[in-house]
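Only a predicted model underlies this, so the values are computations on that prediction, with no experimental measurement involved.
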Amino acid sequence: MATIIFCSVNKTARTAARRCLVSHLKGFASAGESHSPLSSAHSPSLTLLSGTRWFSRGSSVRFMSHGTAGRSGAGRARRGALALSGAAAVAAAAAVAGLIANANHFQRAEMATKISQAGEKEKEKEEEEEEGDILERCRGFMSPPVTDIGVLQERKGEMRTRMEMLIMETQAEFCKALQQADGGTFKVDQWQRKEGGGGISCVMQDGKVFEKAGVNVSVVSGYLTEEAAKQMRSRGKVLKGKDGKLPFCAMGVSSVIHPKNPHIPTVHFNYRYFEIEESDGSKQWWFGGGTDLTPVYINKGDAFHFHNTLKEACDKHHPQYYPDFKKWCDRYFYIRHRGETRGIGGIFFDDLDSPNQEEVFSFVKSCARTVVPCYLPIVHKHLNDSFTDEEKDWQQVRRGRYVEFNLVYDRGVKFGLATPGSRIESILMSLPLTARWEYMHEPAKGTQEAEMLEVLRNPKEWV
C-alpha cells in the first residue's frame, strides 16, 4: 500500500502540478515503448515506500523495509519493497521533486495511483502474452523446444515452463536480428544429454559481419556432482541432499558475438534459472544473468546507449538494481591476473531469489528483452566503418584477454565442465575463431588503444 500524505495546497498550484505529472508519465511511457520493438510492458504495480534499503551481500540480494508495523525482520527481508517500477516511474519521481520546489507540496497519493494503474496495465498485457498457445509460440523458435511440447502444455503455469519459453523466444529473436544484419544463417544443432535434458546451439561462422556468433539454450536435469555442489556451497548455498544426492534442474540462454570489424564490440549475455530439490522435498530456486559489452575501442555514444538501455529495464523494478548490478558486473568480469576488466561492463547478478519468484522472473524477462535493442543499433552504426591492420591486431590482443577470463574465471564454463554429459562444443562456443597473445604488449601512450586500456583498469560510469 502506498502511504498517502495530504497537504494543504493552493488549488491552482495543485491543478498545474497534476497536469504536469500526468504529462511526464505519458511522455516517458511512450518513450519507453518506442525504445524497443521487442519489449512489452511487464512491470508489476508500483508501491512507493520511504526508508527502503536494498542490500547485496556477496552473491545474495535481500530487500529491507523500515517502519512496517507488525512484520518480523525476516518477513521484511523477504517481502521488502518493490520500488518505482519503470523508467517512467523514476522520471515521474524526479518531476515531482521539481514541482514541490515550485508549488509547495501536493498529494503524493495522486502520483502513486497514476503509476500503480500504469503498472497494472503492463502486468495484464504481460499475462495475456504468457497465456498464448504454447504450440503457436513454439512455431517462432529456431527449433522445437528441449522439453516435449505436450509436457510444456500440461505444466504451463510452472516456472520451469515459463522460463524455457522465455529463453527459447530470446534465442529466436536475437538470432533473427543477427541474421538480418549479417545476411548469413545460423547452423542449428539440437542435442540431447543422456543424464537428462539437452539444448539447442545456434552458431554462425565467417559471416559478412560476424566472425563467430553463438546463441545457446540448454535445459538440463539430473543430480548435482560433488564438484558442482562444492562451487555452490562456496557462494553460501546450504544444500541438503538425500543419500548424498541433489536432484536439480537448470536452464538458460547464453550468447557471445565476435564481429569481424574491430569497431563493432563483442557482446555477451546469459539468463538462467536453477532449481534444486532437497532431502525433505522442498525446493531451492534462484535466477542469474546479465549482459555486458566488450569493445576494442571506446565510443562514448555506444557505451551510453548500451548502459542506458539496461538501466531503463532495471529501473522498471527497482531504482537500485542498475547501480548495484553494474558494480557487480565490473567486479565479476575482472581478470585478476591482468588487473583489468574484460570490457566496459553492463549488469550482472546471481543467486537472485528476492523478493519473490514472480517478481524476479519479471525482472529477468525485462533484461532478456533488451538484448536486441541494446546491441543491434551499435552493430548497424558501425557496419561500414573502415579499419587498419593495426586496429585488427589490437582486436586480436583483446580477444586473447577474453579467452583468458572465460577459461579461468567464468562460472558457467566451470559449471559446464564439471557437469557430466555436458556438450563441450556448446560450452566453448564463447571462444573466438582467432585471438592473439603478444609478449609484454603495452600500447603507446596517447593512443586510442591506451585509452581503452585505461578504462579497463579504471571502470567508468556511463549513464
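More than 12 heavy atoms of other residues, nucleotides or ligands lie within 6.0 Å of CD in Glu438, so this atom counts as buried by the packing criterion. More than 12 heavy-atom neighbours from other residues, nucleotides or ligands sit within 6.0 angstrom of NZ on Lys392. At most 12 non-hydrogen atoms from other residues, nucleotides or ligands lie less than 6.0 angstrom from CD of Glu425.
Contact detail for Ser221 and Gly197: the closest heavy-atom pair is OG-N, 4.3 Å. Contact record, Leu178 with Met204: O-CE, 4.2 Å, taken as the closest heavy-atom pair. The two atoms that bring Ser254 and Met429 nearest to each other are O-CE, 4.5 Å, heavy atoms only. Between Gly140 and Ala172 the shortest heavy-atom distance is O-CB, 3.4 Å. Contact between Leu310 and Gly346 at its shortest, heavy atoms only, is CD1-CA, 3.8 Å. Summarising the geometry of Pro145 relative to Glu164, their closest heavy-atom pair is CB-OE2, 3.7 Å, with the distance given to 0.1 Å.
In this structure the side chain of Asp353 never reaches within 4.5 angstrom of the side chain of Val360, judged on heavy atoms. Between Arg331 and Phe348, the closest side-chain pair of non-hydrogen atoms is not below 4.5 Å. Using a 4.5 Å heavy-atom cutoff, the side chains of Asn261 and His382 are not in contact. Residues Arg162 and Glu358 meet the side-chain proximity criterion, which asks for heavy atoms closer than 4.5 Å. Side-chain contact check for Glu404 versus Trp437: some heavy-atom pair is nearer than 4.5 Å. Leu224 has its side chain within reach of Phe415: a pair of non-hydrogen atoms, C-beta onward, lies under 4.5 Å apart. Side-chain atoms of Ser201 and Lys187, non-hydrogen and from C-beta on, never get closer than 4.5 Å to each other. The closest side-chain heavy-atom distance from Ile264 to Val296 is not below 4.5 Å.
In terms of modelled atom types and a separation under 3.5 Å, the side chain of Glu359 and the main chain of Asn356 share no donor-acceptor contact. Between the side chain of Asp385 and the main chain of His263, no donor-acceptor pair closer than 3.5 Å is present. Between the Gln395 side chain and the Pro259 main chain, a donor and an acceptor come within less than 3.5 Å of each other. A distance-only check finds no donor-acceptor pair linking the side chain of Thr370 to the backbone of Ser366 [under 3.5 Å]. For the pair Thr309 (side chain) and Cys374 (backbone), a donor-acceptor distance under 3.5 Å is absent. Judged by distance alone, with hydrogens and angles left aside, the side-chain atoms of Asp182 form a donor-acceptor pair with the main-chain N or O of Val209 at under 3.5 Å. Lys208 places no side-chain N or O within 3.5 Å of a backbone atom of Gly184 that could act as its donor or acceptor partner. Between the side chain of Gln205 and the backbone N or O of Leu433 there is no donor-acceptor pair closer than 3.5 Å. With hydrogens and angles disregarded, no donor-acceptor distance shorter than 3.5 Å links the side chain of Lys176 to the backbone of Met142. For Asp302 (side chain) and Ile378 (main-chain N/O), no donor-acceptor pair under 3.5 Å exists by modelled atom type.
For the atom pair Thr447 OG1 and Glu390 CD, the distance stands at 12.0 Å (nearest 0.5 Å). Remark: Ser430 OG to Phe405 CZ distance equals 10.0 Å, nearest 0.5 Å. In this structure, SG on Cys367 lies 12.0 Å from NZ on Lys365, to the nearest 0.5 angstrom. Atom OG1 of residue Thr147 and atom CE of residue Met165 lie 10.5 Å apart, to the nearest 0.5 angstrom. Interatomic distance, NZ of Lys460 versus CG of Asp330, reported as 12.5 Å (0.5 Å rounding). From Ile200, atom CD1 reaches atom OG of Ser426 across 10.0 Å, with rounding to the nearest 0.5 Å.
Every residue two or more places apart in sequence or in another chain was checked for a side-chain hydrogen bond (donor to acceptor under 3.5 Å, both in side chains) with Gln179, and none qualifies.
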Glu461 vs Lys326, salt bridge (charged side-chain N to carboxylate O under 4.0 Å, His left out): CA-CA, chis, key distance, verdict: CA-CA 9 Å; Glu461 298 300 321; Lys326 193 270 184 187; 3.7 Å; yes
Passes side-chain contact (heavy atoms from CB on, under 4.5 Å), Asp315 versus Tyr321? Steps please. CA-CA 7 Å; Asp315 285 350; Tyr321 270 0; over 6 Å; no
Could you check Ser362 against His317 for side-chain contact (heavy atoms from CB on, under 4.5 Å), going step by step and ending with a plain yes or no? CA-CA 8 Å; Ser362 181; His317 302 273; 3.3 Å; yes
Show your working on side-chain contact (heavy atoms from CB on, under 4.5 Å) between Val203 and Asp189 and close with a plain yes or no. CA-CA 8 Å; Val203 178; Asp189 283 333; over 6 Å; no
Test side-chain contact (heavy atoms from CB on, under 4.5 Å) applied to Val408 and Ile335, step by step: CA-CA 9 Å; Val408 178; Ile335 309 171; over 6 Å; no
Given the rule in the salt bridge (charged side-chain N to carboxylate O under 4.0 Å, His left out) test, do Glu442 and Arg457 qualify, once you have shown the distances and angles that lead to the verdict? CA-CA 13 Å; Glu442 188 74 21; Arg457 290 171 177 171; 3.4 Å; yes
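Taking the six-membered ring for Trp, Tyr402 and His268 have ring centres at least 6.0 Å apart. The aromatic ring centroids of Tyr375 and Phe269 lie 6.0 Å or more from each other.
Of the options Phe287, Phe325, Tyr322, Tyr332, a ring-ring contact (aromatic ring centres under 6.0 Å, His included) to Phe349 is made by Phe325 and by none of the others. A side chain to side chain contact (heavy atoms under 4.5 Å, CB included) with Arg398 is found for exactly one of Thr266, Leu456, Asp393, Thr294, namely Leu456.
Ring geometry for Trp286 against Phe274 counts as parallel: the plane angle stays under 30°, on a 0 to 90° scale with 60° as the upper cut.
Between the side chains of Thr434 and Arg399, at least one donor N or O sits under 3.5 Å from an acceptor N or O. Between Glu449 and Tyr297, the side chains place a donor N or O and an acceptor N or O closer than 3.5 Å (distance only, hydrogens not considered).
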